[in-house]
Each structure stands twice: as structure tokens, then as C-alpha cells.
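Not measured: the values here are computed from a predicted model.
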Amino acid sequence: QLQVVESGGGLVQPGGSLTLSCAAAGFTLDYYAIGWFRQAPGKEREGVSCIGSIDGSTYYEDSVKGRFTISRDNAKNTVFLQMNSLKPQDTAIYYCAAVRSAYCTTLPVYEYWGQGTQVTVSS
């Protein structure tokens, strides 16, 4: 069964950094677009970033532009989300999701979802 698994969450202080990983099992990420989403308590799930499968095109939500960087290492079958200058409002459960697509797409289209990893930014 196709699965993606997030890891790397934890507790960090404001201004700190954290790197999340999304590893694929049962398939290769080469042909999949990968999206990162997050859901804070009492709020709707929102898109954070995504990366295409062919040209490596990327997307960032306005609130994270300049602070987050998405990348993929196909040899490791893993996608990363480097998060810098973290703010308390970044606190959420972060999910990665995969869809067999060359390009980034919208939330309802993603086929495979991870269980999520908690990111807490607090002093």
C-alpha cells in the first residue's frame, strides 16, 4: 500500500528552525507532486508549500515565503520542508500528501496523506 510518513516535528522557540521530512513507502516520489499542509487548532487545513515532480516547480503560501524552503531528494525518496524564523502562528500539525502529477495542485486532488507531525513554536 502506498504511504507517506512525516517526521521531524517538535517544540522550538520563536525564531528557531526545524526541518520536516516526508518519506515515501511503496512508490517512488519521482512521478508525484508533494504538498505540505498544516492545521492549527480551531482552524481549517491550509496549504503551506508544494513541489512538482518533473520540473521541480515550487509554491509557497504567502505567510511562509522567505522563511520556508521545500526540496526533494529523489535518491532518498524524500521531500523536505526547511522552516526558518519560526513564529508561534506556525504552530500546527503538518501533513505531507502525494499525487501522481507533474505539477502542484489543490488539496482535494491529493491521493495519499501522512498521519501528521506536530510543530509547536513557543517560548
Side-chain angles (χ1 to χ4, degrees):
Q1 184 175 356
L2 304 183
Q3 289 184 318
V4 290
V5 181
E6 309 95 335
S7 62
L11 174 64
V12 297
Q13 295 185 345
S17 298
L18 206 59
T19 299
L20 304 183
S21 299
C22 177
F27 67 101
T28 176
L29 292 179
D30 295 33
Y31 307 105
Y32 286 78
I34 303 297
W36 283 99
F37 302 83
R38 67 185 180 187
Q39 187 164 20
K43 296 185 177 181
E44 297 180 355
R45 187 172 299 186
E46 64 176 355
V48 178
S49 182
C50 67
I51 185 166
S53 64
I54 296 178
D55 61 0
S57 60
T58 59
Y59 162 83
Y60 298 95
E61 184 69 20
D62 287 343
S63 63
V64 306
K65 285 182 179 178
R67 300 190 297 120
F68 291 11
T69 302
I70 190 170
S71 63
R72 66 193 307 151
D73 187 336
N74 287 342
K76 297 180 179 180
N77 214 25
T78 303
V79 169
F80 303 94
L81 184 67
Q82 176 66 47
M83 305 185 296
N84 299 322
S85 302
L86 284 164
K87 305 174 181 179
Q89 51 264 49
D90 293 319
T91 296
I93 300 175
Y94 284 71
Y95 302 87
C96 69
V99 59
R100 196 177 188 279
S101 173
Y103 313 105
C104 292
T105 186
T106 56
L107 187 152
V109 181
Y110 284 87
E111 301 174 82
Y112 308 106
W113 291 80
Q115 294 298 306
T117 185
Q118 177 70 50
V119 172
T120 302
V121 184
S122 177
S123 58

> Show the numbers, then the answer: is there a side-chain contact (heavy atoms from CB on, under 4.5 Å) between Ser53 and Arg72?
CA-CA 9 Å; Ser53 64; Arg72 66 193 307 151; 4.3 Å; yes
> Would you find a donor on one side and an acceptor on the other, under 3.5 Å apart, between the side chain of Glu6 and the backbone of Leu20?
no
> Looking at Lys87 and Asp90, does any basic side-chain N land under 4.0 Å from a carboxylate oxygen?
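Result for this pair is no, no salt bridge flagged.
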> Run the side-chain contact (heavy atoms from CB on, under 4.5 Å) test on Asn74 and Thr28 for me, step by step, so that the C-alpha distance in whole Å, both residues' side-chain angles and the decisive distance to 0.1 Å come before the verdict.
CA-CA 8 Å; Asn74 287 342; Thr28 176; 5.9 Å; no
> Using side-chain heavy atoms (C-beta onward) and a distance below 4.5 Å, is Ser49 in contact with Leu81?
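Yes, side chains in contact.
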> Is there a path of hydrophobic side-chain contacts, each under 4.5 Å between heavy atoms, that joins Ile54 and Tyr31?
no
> My understanding is that only one of Ile51, Asp73, Ile34 makes a side-chain contact (heavy atoms from CB on, under 4.5 Å) with Leu29; could you say which?
Ile34
> Determine whether Phe80 and Leu86 fall in the same hydrophobic cluster, where Ile, Leu, Val, Met, Phe, Trp and Tyr are linked whenever their side-chain heavy atoms lie under 4.5 Å apart.
no
> With hydrophobic residues grouped by side-chain heavy-atom distances under 4.5 Å, do Val109 and Trp113 end up in a single group?
yes
> Show, in sequence, the C-alpha distance, side-chain angles and deciding distance for Ser122 and Leu11, and conclude whether the side-chain contact (heavy atoms from CB on, under 4.5 Å) test is met.
CA-CA 7 Å; Ser122 177; Leu11 174 64; 4.3 Å; yes
> If you look at every heavy atom in Arg38 and Ala92, which pair is closest and at what distance?
CB-CB, 3.8 Å
> Measure across Asn84 and Ser17 and return the closest heavy-atom pair with its distance rounded to 0.1 Å.
OD1-OG, 2.9 Å
> Compare all side-chain heavy atoms of Leu107 with those of Glu44 and state whether any distance is below 4.5 angstrom.
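The answer is no, as the side chains (C-beta and beyond) never meet within the 4.5 Å cut-off.
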> In terms of hydrophobic clusters joined by side-chain contacts under 4.5 Å, are Ile93 and Trp36 together?
no
> Over 60° means perpendicular and under 30° means parallel, so classify the ring planes of Phe27 and Tyr32, tilted if in between.
tilted
> Do the non-hydrogen side-chain atoms of Thr91 and Gln118 ever get within less than 4.5 Å of each other?
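The answer is yes, as the side chains (C-beta and beyond) meet within the 4.5 Å cut-off.
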> Please determine, by modelled atom types, if Ser123 and Gln13 share a side-chain donor-acceptor pair under 3.5 angstrom.
no
> Parallel, tilted or perpendicular: which fits the ring planes of Phe68 and Tyr94, with parallel below 30° and perpendicular above 60°?
tilted
> Please answer whether the main-chain N or O of Arg67 pairs with a side-chain N or O of Tyr60 as donor and acceptor at a distance below 3.5 Å.
no
> Going by heavy atoms in the side chains, are Arg45 and Tyr95 under 4.5 Å from each other?
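Result yes, sub-4.5 Å side-chain heavy-atom pair found.
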> Quick check: closest heavy atoms across Gly35 and Tyr110, and the distance to 0.1 Å?
N-CE2, 3.6 Å
> Counting only heavy atoms not in Gln39, do more than 12 fall under 6.0 Å of its CD?
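For Gln39, atom CD is crowded (more than 12 foreign heavy atoms under 6.0 Å).
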> Would you check if Val12 and Met83 make a side-chain contact, meaning some heavy-atom pair closer than 4.5 Å?
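With C-beta onward as the side chain, the pair stays apart.
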> So, the side chain of Thr78 versus the backbone of Lys76: is there a donor-acceptor pair under 3.5 Å, distance only?
yes
> Using every non-hydrogen atom in the two residues, find where Gly10 and Leu18 come nearest and quote the distance to one decimal.
N-CD2, 3.8 Å
